[in-house]
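What follows is a set of notes on a single structure, which appears directly below.
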Amino acid sequence: DTGVSQNPRHKITKRGQNVTFRCDPISEHNRLYWYRQTLGQGPEFLTYFQNEAQLEKSRLLSDRFSAERPKGSFSTLEIQRTEQGDSAMYLCASRPTEAGTQYFGPGTRLTVL
Amino acid sequence: TQLLEQSPQFLSIQEGENLTVYCNSSSVFSSLQWYRQEPGEGPVLLVTVVTGGEVKKLKRLTFQFGDARKDSSLHITAAQTGDTGLYLCAGAKLSGGSNYKLTFGKGTLLTVNP
């Protein structure tokens, strides 16, 4: 399977714990995006990488959130001191060119108890 | 602020019926994409429309981009139960250099009953 992959698919954690999600984009896609989707809403942009550089962050990305793409391939999204309001589907997408199509992964469903 | 308004929010129809869902905005977009999303999965791209007035057909699905590139519609002919899902439209705008950022609507949840 050469699509975007995300791990884990589901994560249940207690409030206050840290969690980390991983995204493996399609090979040779140098642009990578993170989105958050809550129930009844469309995906909302969180952050964007071009290769290893994080070029844009949404105001939705509070100080408790950090994303990295150290070698310009896979990316991680960490949430520290999780809150119940962080419960959502976290989606990763990649694309090869400036205006190319974004391809989404299956998402990581986070539930904070 | 929701830049893209999708209507209706929910739609339940019988197999074989036709339907149209709408995506409207006051903003102009470089392109507009339609996705279908099933529960627990990521969105899957159906089509990208770029030119104002453009019409694209994908089997029983017809997509139209408004002349002013602010709105779009998706028409499904003879709906099947497999068409059930959340239909999302997303507008692309150039943001901060080379980033074409997508802004999504809330989606239309379509249920096709047998």
Side-chain angles (χ1 to χ4, degrees), chain A residues 1 3-11 21 23-26 30-51 53-61 88-111, chain B residues 1-10 21-25 29-51 56 58 63 69 72 74 85-110:
Chain A
D1 188 345
V4 179
S5 62
Q6 292 188 245
N7 288 288
R9 293 292 310 276
H10 304 276
K11 179 70 177 179
F21 310 139
C23 170
D24 287 88
I26 295 172
N30 60 353
R31 287 158 170 84
L32 185 147
Y33 299 78
W34 285 99
Y35 292 84
R36 182 174 69 186
Q37 185 177 24
T38 53
L39 199 62
Q41 302 290 326
E44 295 174 293
F45 169 79
L46 290 179
T47 190
Y48 158 67
F49 288 86
Q50 183 173 324
N51 299 310
Q54 188 174 18
L55 298 185
E56 189 170 350
K57 293 196 294 186
S58 162
R59 284 174 291 179
L60 292 175
L61 215 63
M89 173 79 91
Y90 290 84
L91 293 162
C92 175
S94 69
R95 74 178 179 196
T97 64
E98 288 181 9
T101 298
Q102 288 191 25
Y103 295 89
F104 282 82
T108 295
R109 167 73 66 187
L110 172 66
T111 302
Chain B
T1 302
Q2 194 71 35
L3 293 180
L4 278 168
E5 297 288 339
Q6 289 192 246
S7 60
Q9 191 173 353
F10 301 97
V21 298
Y22 300 92
C23 175
N24 295 298
S25 175
F29 293 102
S30 302
S31 66
L32 197 138
Q33 301 176 7
W34 283 92
Y35 291 83
R36 187 166 77 96
Q37 185 177 26
E38 297 192 15
E41 299 294 329
V44 175
L45 181 73
L46 296 174
V47 78
T48 300
V49 285
V50 179
T51 306
K56 279 193 174 179
L58 186 67
F63 303 86
R69 307 208 321 274
S72 181
L74 159 59
L86 179 67
Y87 288 82
L88 293 159
C89 68
K93 273 191 172 184
L94 193 59
S95 168
S98 64
N99 176 25
Y100 279 89
K101 189 162 66 177
L102 289 182
T103 300
F104 282 84
K106 290 186 178 182
T108 293
L109 185 60
L110 172 65

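Chain A is the first sequence line, chain B the second, and so forth, proteins listed ahead of strands; every chain is numbered from 1. Predicted model, so just to flag it, every value in this text is computed and none were measured.
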Subject >> Residue, of A:Cys92, A:Gly105, A:Pro106, A:Pro43, that accumulates the most heavy atom pairs under 4.5 Å with chain B >> reply: A:Pro43
Subject >> Lys/Arg N to Asp/Glu carboxylate O, B:Glu41 vs A:Arg9, below 4.0 Å >> reply: yes
Original post:
Going from CD on B:Gln33 to CD on A:Gln102, what distance comes out if it is rounded to the nearest 0.5 angstrom?
Top reply: 6.5 Å
Original post:
How many angstroms lie between OH in A:Tyr103 and CG in B:Leu45, if you round to the nearest 0.5 Å?
Top reply: 7.0 Å
**OP:** Mind checking ring pair (Phe, Tyr, Trp, His ring centres under 6.0 Å) for B:Tyr35 and listing every partner two or more places apart, or none if nothing turns up?
**Re:** A:Phe104, B:Phe104
Original post:
Quick one: what part of A:Gln6 sits under 4.5 Å from any heavy atom of chain B, side chain, backbone, both or neither?
Top reply: neither
**OP:** Under 4.5 Å heavy-atom distance to chain B, tell me which part of A:Tyr35 shows up: side chain, backbone, both or neither.
**Re:** side chain
Subject >> Most contacts with chain A, counted as non-hydrogen pairs under 4.5 angstrom, among B:Ala90, B:Gly107, B:Pro43, B:Gly42 >> reply: B:Pro43
Original post:
Which bit of B:Leu86 is near chain A, if near means a heavy-atom gap under 4.5 Å: side chain, backbone, both or neither?
Top reply: side chain
Original post:
Between B:Glu38 and chain A, which part of the residue has a heavy atom less than 4.5 Å away: side chain, backbone, both or neither?
Top reply: neither
Original post:
Around B:Lys56, counting heavy atoms of other residues, nucleotides and ligands shown, do more than 12 lie under 6.0 Å from its NZ?
Top reply: yes
